S.K.: 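Questions regarding the structure given below will be posed in turn.
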Amino acid sequence: MNYNFNEIEAKWQKYWAKNQTFRAENNSEKPKYYVLDMFPYPSGAGLHVGHPLGYIASDIYARYKRHQGFNVLHPQGYDSFGLPAEQYAIQTGQHPALTTEENIKTYRRQLDQIGFSFDWSREVRTSDPSYYKWTQWIFIQLFNSWYNKDSDKAEDISELIKRFASEGNSKINAVCDDTIQTFSAEEWKAFDTIKQQQILLQYRLTYLAETEVNWCPALGTVLANDEIVNGVSERGGHPVIRKKMTQWSMRISAYAERLLQGLETIDWTESLKETQRNWIGKSVGAHVEFRIQNSEFRITVFTTRPDTIFGVSFMTLAPEHELVSQITTPAQKAEVENYIEATAKRSERDRMADVKTISGAFTGAYVEHPFTKEPIPVWIGDYVLAGYGTGAVMSVPCGDQRDYDFAKHFNIPIPNIFQGADISKEAFADKDKTIIANSDFLNGLNYKEATKKVIAELEKLGQGQGKTNYRLRDAVFSRQRYWGEPFPVYYVDGMPQMIDAKHLPIKLPEVEKYLPTETGEPPLGNATVWAWDTTKNEVVSNDLIDNKTIHPLELNTMPGWAGSSWYFNRYMDAHNENEFASKEALNYWKDVDLYIGGSEHATGHLLYSRFWQKFLFDKGLVPVDEYAKKLINQGMILGTSALAYNLRFDFKFRDSTGEIIEISGFENILVSKSYIENFDFDFWHPNYPDNYRNWHVEEIMSYEQIRKPIVSFHPIHIDVSLVNASDELDIQGLKNWRSEYKDFKFKLEEDGTFKVKREVEKMSKSKYNVVNPDQICEQYGADSLRLYEMFLGPLEQYKPWNTAGITGVHGFLKKLWRLYVDENGLLVNDAEPTKDNLKTLHKTIKKAQEDIENFSFNTSVSTFMIAVNELTAQKCTSKDILEPLLILLSPYAPHIAEELWEKLGHTESISTAPFPKFDASHLVESSKNYPISFNGKMKFTMELPMDFNAQQIEEAVMAHEKTQEQLQGRTPKKVIIVPGKIVNIVG
RNA sequence: GCUCAAGUGGCGGAAUUGGUAGACGCGCUGGAUUCAAAAUCCAGUUCCUCGGAGUGUGGGUUCGAUUCCCACCUUGAGUACCA
């Protein structure tokens, strides 16, 4: 019987589906374990070999946990709203729902064929109204909440309204807009409804406000900070500009500190936590108030170094700072205005790219130092950002390099307030070594003591207090797109109103065009049935809008991260129509025990979802405030591109008038790889230039040649399927693939082959290095694919794919098969296992278990290979050995394991068979092959009984002839003996 | 610039508390089988001058360092004037 993997795999995939083998129960005697993969977006291109890496790892772990007796939740679904489907719709007119549906079908087929143990009964799709109903519902909860800093959690907005009515807002310690004005209870009651609603928006956790947003004209939408990479859009690489727009925002800044602290409680990779810490960007310091001389105005600055206050020699405001126009003296007016204008002209990218140029202008105004009362000049400079802190800094040139550079550039004095610091060349910014000098009451103190003292003094003066700042900005939540969740919002007198939760979902309307309207409104502006009837509580035709009972609906949709910010909770109770998940389900599953996905979501999905979870926790809607205990980032599988080289010439001639002419062009020649590095011109052109008559040569030959032509090689990506494991190119295949190479000449290696150069790059269609799992499954089987993906290297690492290597793991599976069956049938019998058999098995159990718990899947594959090699050599046929071996292997290669398990006579799936118990007694050795080292270098080994003590070992080793040979008569200075480990002779 | 990873044969990688560097697999070489090929099996495969050298480089700690410490180099990722 041969190992017919295609047949076996189809058989068991069908069996698992039919028997719902991997269905998780919401109540069980067993302990729970929740294994989750990051939500995939079903793209049109389908899966390539890199995508399933994380899924295979999580699947192995999920299957392992089932063997360990856990009730495992291992769901899968689709983050099915998103830009690509919409871009496709714009181009083709196809409804995104249709293309999404098709893409999901492809994904599902591909996932099924790899043999994942997903519980598909819990599948969710973010674009499904029964799902986004609850995304809308959570949005409403956010709208109806504010953040109370006193209780340090989100609370219901009705509480806030009550307090406004009883005491005004002056005593309320809330996270809210900076521009909030104080009012009394009486004033509140006197405000009209619109005014009241405007004020409440400044407190709500999701709010509508005019904000400066990242507008991407090419995509016709705003983007969040994390959707912009190097100043251009993450998707498509389009330019992004700043623009003021009225948008929904999420007050994630309220959770900055808790998001930061929460990182300490979860087992996520250190680099990912570090990325989130940087993104949150906490800095501890103080607010200091400076009075402007001869004026009522005050400038508040934020500084992390209040201890350096006696080193201030100027102030710098952002050019956009609101006080600039008011404090500038008439004499400086022209200069300041010029400077502001010049800064405004510079694009965001310019300012980002150009860090070196120092620029600024003096306002003519002076502030008064809070302690010395000395005058300090006020400058403006574009190195100060309007959006961070207060948009103003107290400049301490001796302690901050940017201030230092600015001072040098404008000849501003640089007082030194650090004991023993040399500031002749650069600022002294090392706060750990700081001892303050020339600073009145701070003299002799270190950074910590001085900071504490100065804040206390400032508070006495009423000119400052300790303050913590965060870089984390509120997240823009509106997108001017069609294919996203509609907001459950309509507008009355321009103020947003929530639709009552019982009328959800508000379904996405049909539109004729997916582009913005002619008046520049988002695509939903094209919908003709998109108004809210407050009496019938349904979506009605726009014609009926009367702004009395029928109102216009919100035209924006939610961003991609809305649906993915809470989906892990939905899997716990995926079909609940009354709640986003029942209390019972939430309390049973609680959180994700293992979350696997890419690190590219570090500041997007993984931060927003933590924020939503904390909010839901505050509202008592979920039982834990961090939803994923452990998170692993799988590395990316890179493609191994194949490159052939096209010959290119650059000629330089002088014509009859003495003018230099340069001519260059490609030859119809592809060059095999070994010629690229050692290129011998004469070898190529023995008769140059006679054999280059095919282009320009007649005309050129009459000219004076200045130098030999420069030959270069232009790399061409070749489809990797045209190249074999030895990098040999199928030339005929290439000619069939691309007709332009039909008449090319090929410069071959001496052995007559054409070899391509290999380069490791990201897998992408345009590089023709994409390997499709479908082909691999067909040719080698899913079990081989699964094993090979794991065998490639550590899960977290980036590593190149090379299809050639798969024959190794495939050969292993065949060898495994032959251990159980041959052409006559089953080989396994009831033979008593030998000592060696048991040793191999238990060694394998131990290592396999350790590896799987350390997520070291690559080494466990090696372990299985060693076990099968050993058992084959031992001619093992014992069921007592071969049966447990199948269980060890089944998480990795489930199909072959099920098939052999069945052949051994089992009628139930192997998937819940108990994991074999490790018995250390089988590994006890009676002797040890000691490595004998001289000065730390191993020279030979020696077999000695395990129970020898150090002295016996030393005697035996010293008596050995090779020892004497090594020592050549010298007496060893020292002999190090670690019984059971090593012997090292020094001398 | 700052932060975080990572540098080991021709290639992917292993060495879990400092103790035989290169497990396992690919590739390559030779052999068996075959009319031949595929498949399969067996043997070898870090490097060189066969005595050594050797885990990015240079130091250090140690009887002993891929592993610990210091400095540096390279590559990748994140971040970008954050006061």
Side-chain angles (χ1 to χ4, degrees), chain A residues 229-231 269-279 281-283 285 301-305 308 316 351-358 381-385 387-396 399-403 405 429 469-471 599-600 602-603 633 635-636 640 725-727 758 760 787-788 791-794 796-812 814-815 818 847 850-851 854 856 858-866 869 929-941 972-978 980-987:
Chain A
V229 177
N230 297 326
T269 57
E270 200 43 50
S271 66
L272 199 144
K273 289 196 205 178
E274 197 59 32
T275 305
Q276 291 211 347
R277 282 186 201 113
N278 290 340
W279 193 260
K282 180 179 183 176
S283 43
V301 302
F302 174 71
T303 174
T304 56
R305 295 292 304 273
T308 63
T316 318
R351 275 173 77 168
M352 257 168 60
D354 181 14
V355 186
K356 289 276 171 308
T357 316
I358 295 159
D382 70 359
Y383 79 96
V384 178
L385 304 177
Y388 185 77
T390 59
V393 300
M394 58 175 224
S395 300
V396 183
D400 181 283
Q401 195 56 43
R402 286 156 314 176
D403 295 344
D405 295 339
N469 241 322
Y470 299 90
R471 195 179 76 105
S599 56
E600 66 272 21
T603 53
N633 290 129
M636 198 185 289
T640 313
S726 316
D727 296 347
R758 293 293 198 166
V760 173
L787 279 174
Y788 189 51
F791 188 63
L792 277 176
E796 296 93 331
Q797 231 164 71
Y798 279 55
K799 56 220 164 222
W801 176 268
N802 178 7
T803 305
I806 201 171
T807 55
V809 291
H810 187 65
F812 157 73
K814 285 201 254 185
K815 201 167 174 182
R818 281 198 307 276
K847 181 91 169 99
E850 280 169 7
D851 284 347
N854 291 322
S856 175
N858 54 326
T859 50
S860 43
V861 178
S862 308
T863 303
F864 297 138
M865 288 176 170
I866 294 166
N869 288 346
N929 193 23
Y930 278 95
I932 314 299
S933 301
F934 291 81
N935 299 317
K937 288 273 172 204
M938 204 278 287
K939 294 294 173 186
F940 61 94
T941 60
K973 285 196 196 110
K974 205 174 182 185
V975 179
I976 310 282
I977 291 168
V978 184
K981 290 242 160 147
I982 53 108
V983 176
N984 188 18
I985 298 165
V986 188

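Each chain gets a letter, A, B and so on, in the order its sequence line appears, and its residues count up from 1. In this text, all values refer to a predicted model and were calculated from it rather than measured experimentally. Side-chain atoms are counted along with the backbone in the values below, which use heavy atoms only and exclude waters and symmetry mates.
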S.K.: Out of rC26(B), rC82(B), rU79(B), which nucleotide sits closest to the side chain of Ala804(A)?
M.R.: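 Looking only at side-chain atoms, Ala804(A) lies closest to rC26(B).
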
S.K.: Closest nucleotide of RNA chain B for Asn278(A) versus for Gly391(A): which of these residues is on the 5' side?
M.R.: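 In this pair, the answer is Asn278(A).
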
S.K.: Quick one: label Arg277(A) by what it contacts on the DNA or RNA (base, sugar-phosphate, nothing), any heavy atom closer than 4.0 Å.
M.R.: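 It contacts nothing in the nucleic acid.
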
S.K.: List the residues meeting side-chain hydrogen bond (donor to acceptor under 3.5 Å, both in side chains) with Thr275(A), not counting sequence neighbours, and say none if there are none.
M.R.: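 If we apply the side-chain hydrogen bond (donor to acceptor under 3.5 Å, both in side chains) test to Thr275(A), skipping adjacent residues, there are no hits.
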
S.K.: Does the pair Glu274(A)/Arg277(A) count as a salt bridge with the N-to-O cut at 4.0 Å?
M.R.: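 Judged by the 4.0 Å cut-off on N to carboxylate O distance, Glu274(A) and Arg277(A) do form a salt bridge.
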
S.K.: Using the ring-ring contact (aromatic ring centres under 6.0 Å, His included) criterion, which residues pair with Tyr798(A)? Sequence neighbours excluded.
M.R.: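 With neighbours one apart ignored, the set is empty.
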
S.K.: Taking the C1' atom of each, how far is rC70(B) from rG22(B), in whole Å?
M.R.: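 Approximately 28 Å lies between the C1' atom of rC70(B) and that of rG22(B).
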
S.K.: Heavy-atom nearest nucleotide on RNA chain B for Gly805(A) versus Thr275(A): which residue maps closer to 5'?
M.R.: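 Taking each residue's closest nucleotide, the earlier one in sequence belongs to Gly805(A).
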
S.K.: Pick the P atom in rG7(B) and in rC68(B), then give their distance to the nearest Å.
M.R.: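 It comes out at 11 Å once rounded to the nearest Å.
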
S.K.: Looking only at the side chains, is there a donor atom on one of Asn802(A) and Thr640(A) sitting less than 3.5 Å from an acceptor on the other?
M.R.: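 No pair is found: no donor N or O on one side chain lies under 3.5 Å from an acceptor on the other.
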
S.K.: Walk along nucleotides 12-20 of chain B from 5' to 3' and tag each nucleotide B, S or - by protein heavy-atom contact under 4.0 Å, base first, then sugar-phosphate.
M.R.: BSS-B--BB

S.K.: Start with the C-alpha gap between Phe812(A) and Tyr788(A), add the side-chain angles, then the distance that decides, and say whether side chain to side chain contact (heavy atoms under 4.5 Å, CB included) holds.
M.R.: CA-CA 11 Å; Phe812(A) 157 73; Tyr788(A) 189 51; over 6 Å; no

S.K.: For Lys815(A), give me all partners under side-chain hydrogen bond (donor to acceptor under 3.5 Å, both in side chains), at least two apart in sequence or on another chain.
M.R.: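 Once residues adjacent in sequence are excluded, the partners of Lys815(A) under the side-chain hydrogen bond (donor to acceptor under 3.5 Å, both in side chains) criterion are Asn869(A).
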
S.K.: Using a 4.0 Å cut-off on protein heavy atoms (strictly under), produce a 5'-to-3' string for nucleotides 37-54 of chain B with B for base contact, S for backbone-only sugar-phosphate contact, and - for none.
M.R.: --SSS-------------

S.K.: Just compare rC26(B), rC24(B), rC81(B) and give me whichever is closest to any side-chain atom of Met865(A).
M.R.: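 From the listed options, rC24(B) comes nearest.
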
S.K.: For RNA chain B, what string of dots and brackets results from 5' to 3' when Watson-Crick and G-U pairs need both distances under 3.5 Å, crossing pairs get [ ], and pairs with another strand get |?
M.R.: (((((((..(((......[....)))((((((.......))))))(((..)))..(((((..]....))))))))))))....

